[in-house]
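Report on the following structure.
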Amino acid sequence: MIPSSETFLMPPVEIAGQLNSEERRIITAAILDAPKKPEVVLEVGTWLGGGSTLHFLRALEKNGTGRLWGIEADRSIYNQMIENIPAAAPEAIQRFMPLFGFSSQVIPGWLKELGPEEQVDLVFLDGGDNPFEQIQEFMLLADRIRIGGQLFAHDAKLRKGKWLLPYLSLLDNWKVELHDISTEGLLSANKLAAKPSPQSSRAARLKLRSMRLQPIELIGRLLPSPVCDALLMMMPARFRSRVSQGR
């Protein structure tokens with residue numbers, strides 16, 4: 001008896017991901033249910049590709065349009081990720097453009113390559129643990145995100161995202177929501193207008209300044225990294241994770 005073609009089908013490749021099922025549903029819906037089908041999607045921090053990366057790609061493929069650019073700064077993780085994605089989503093691989101490097105260096109060049117007229121439809125921020133990184137990434141991208149565009153950021157309840165949520169909430173050209181559905185928390189925001197009012201922009205700047213002047217943040221910026229690492233290692237594990245990640 002000749003085996004059917006189904007006999008030769010390989011099981012789907014599973015890739016580890018860091019978002020829970022509800023967070024994955026929300027970001028997938030952001031692609032599938034958007035009034036304007038997203039064409040330009042940027043993700044900062046792909047990890048191994050099994051979380052937001054894979055779900056964005058599958059949603060874009062279902063829409064039949066759009067591309068995802070994914071930035072990853074860890075070389076070993078980047079190498080593993082670019083092997084994982086073709087195996088897990090071969091049907092959508094043509095929609096994926098991986099970018100290696102630190103977001104502060106990659107984003108300006110990426111925007112230049114897009115061209116001055118191209119706007120960004122959706123951004124997902126999930127990079128390093130330094131809370132100022134998300135602020136920097138937002139500032140680099142804010143003017144290029146179209147009105148009606150969407151912004152997501154993971155770890156909104158932890159150290160990584162603890163500045164972006166209060167900062168963005170003060171800008172009146174953004175509608176911000178915290179999805180309190182995990183230990184980490186997911187921020188989502190919609191752009192309502194091209195620019196914030198001067199009053200809200202000033203309030204956001206003052207809030208950011210006050211957060212940057214917190215004692216723990218000053219210590220982290222002023223002391224050399226080896227000293228900070230040594231101080232962390234001297235702490236009990238539960239305090240170490242609270243200081244370094246906000247857990």
Side-chain angles (χ1 to χ4, degrees), residues 17-20 23-24 26-31 34 38 40-57 59-60 66-74 77-78 81 96-111 114 119-146 149-171 173-191 204 207-208 211-212 245-246:
Q18 295 181 325
L19 277 66
N20 67 27
E23 289 170 330
R24 294 178 181 188
I26 289 171
I27 65 169
T28 298
I31 299 289
V40 179
V41 180
L42 176 68
E43 175 186 33
V44 178
T46 65
W47 199 48
L48 297 175
S52 51
T53 310
L54 190 57
H55 288 77
F56 280 139
L57 281 175
L60 290 171
R67 288 194 291 174
L68 169 68
W69 285 260
I71 300 174
E72 177 56 53
D74 185 299
I77 290 176
Y78 175 86
M81 178 270 295
F96 186 49
M97 308 293 289
L99 301 169
F100 175 74
F102 292 103
S103 59
S104 59
Q105 299 169 358
V106 173
I107 290 174
W110 175 71
L111 290 172
L114 277 184
Q119 293 185 306
V120 181
D121 296 296
L122 189 148
V123 172
F124 184 82
L125 304 179
D126 193 15
D129 286 332
N130 184 336
F132 193 54
E133 285 185 22
Q134 284 192 354
I135 297 289
Q136 287 179 308
E137 291 157 359
F138 170 75
M139 289 179 171
L140 288 170
L141 293 161
D143 288 343
R144 295 294 296 273
I145 299 173
R146 66 174 180 82
Q150 302 176 82
L151 172 72
F152 289 88
H154 203 227
D155 297 299
K157 293 162 58 180
L158 302 183
R159 183 173 188 272
K160 180 194 297 186
K162 72 175 185 179
W163 291 359
L164 184 61
L165 177 60
Y167 175 82
L168 196 59
S169 297
L170 290 171
L171 297 176
N173 66 325
W174 287 90
K175 181 181 179 182
V176 183
E177 181 179 359
L178 172 64
H179 301 275
D180 193 1
I181 51 179
S182 66
T183 302
E184 297 80 14
L186 179 68
L187 177 152
S188 67
N190 288 83
K191 189 172 182 180
K207 181 64 176 178
L208 177 59
M211 292 186 291
R212 297 199 73 192
Q245 297 184 0

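Here, residue 1 is the first one in the sequence, and each next residue gets the next number.
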Would you check, one step at a time, whether the test side-chain contact (heavy atoms from CB on, under 4.5 Å) holds for F96 with T53?
CA-CA 9 Å; F96 186 49; T53 310; 3.9 Å; yes

Does NZ in K191 sit with more than 12 non-hydrogen atoms of other residues, nucleotides or ligands closer than 6.0 Å?
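Yes, enclosed.
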
To the nearest 0.5 Å, tell me how far [X] [atom1] sits from [Y] [atom2].
X	Y	atom1	atom2	result
D126	K160	CG	NZ	4.0 Å
Q136	L164	CD	CG	12.0 Å
L122	I27	CG	CD1	8.5 Å
T46	I71	OG1	CD1	10.0 Å
F132	M139	CZ	CE	6.0 Å
S188	F124	OG	CZ	11.0 Å

Strictly distance-based, threshold 3.5 Å: is any side-chain N or O of [X] a donor or acceptor partner for the main-chain N or O of [Y]?
X	Y	result
R144	V120	no
Q134	P131	no
D121	V41	no
N20	I181	yes
E72	W47	yes
R67	M97	no
D155	L158	no

Run the side-chain contact (heavy atoms from CB on, under 4.5 Å) test on R24 and L54 for me, step by step, so that the C-alpha distance in whole Å, both residues' side-chain angles and the decisive distance to 0.1 Å come before the verdict.
CA-CA 10 Å; R24 294 178 181 188; L54 190 57; over 6 Å; no

Could you go step by step and tell me if L151 and L168 meet the side-chain contact (heavy atoms from CB on, under 4.5 Å) rule?
CA-CA 10 Å; L151 172 72; L168 196 59; 3.6 Å; yes

As a quick check of understanding, evaluate side-chain contact (heavy atoms from CB on, under 4.5 Å) for M81 and L48, giving each step before the final call.
CA-CA 5 Å; M81 178 270 295; L48 297 175; 5.5 Å; no

Shortest non-hydrogen separation from [X] to [Y] and the atoms involved:
X	Y	answer
G45	E43	O-OE2, 3.6 Å
S104	P108	O-CD, 3.3 Å
L125	F138	CD1-N, 4.4 Å
A30	Q150	O-NE2, 3.0 Å
P38	L60	O-CD2, 3.8 Å
G149	W174	O-CZ3, 4.3 Å

Reference residue W69; test side chain to side chain contact (heavy atoms under 4.5 Å, CB included); the match among L114, V44, I107
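Of all the options given, the one that passes is L114.
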
Check the side chains of S103 and E133 for a donor-acceptor pair under 3.5 angstrom, ignoring hydrogens and angles.
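No - no donor-acceptor pair under 3.5 Å links their side chains.
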
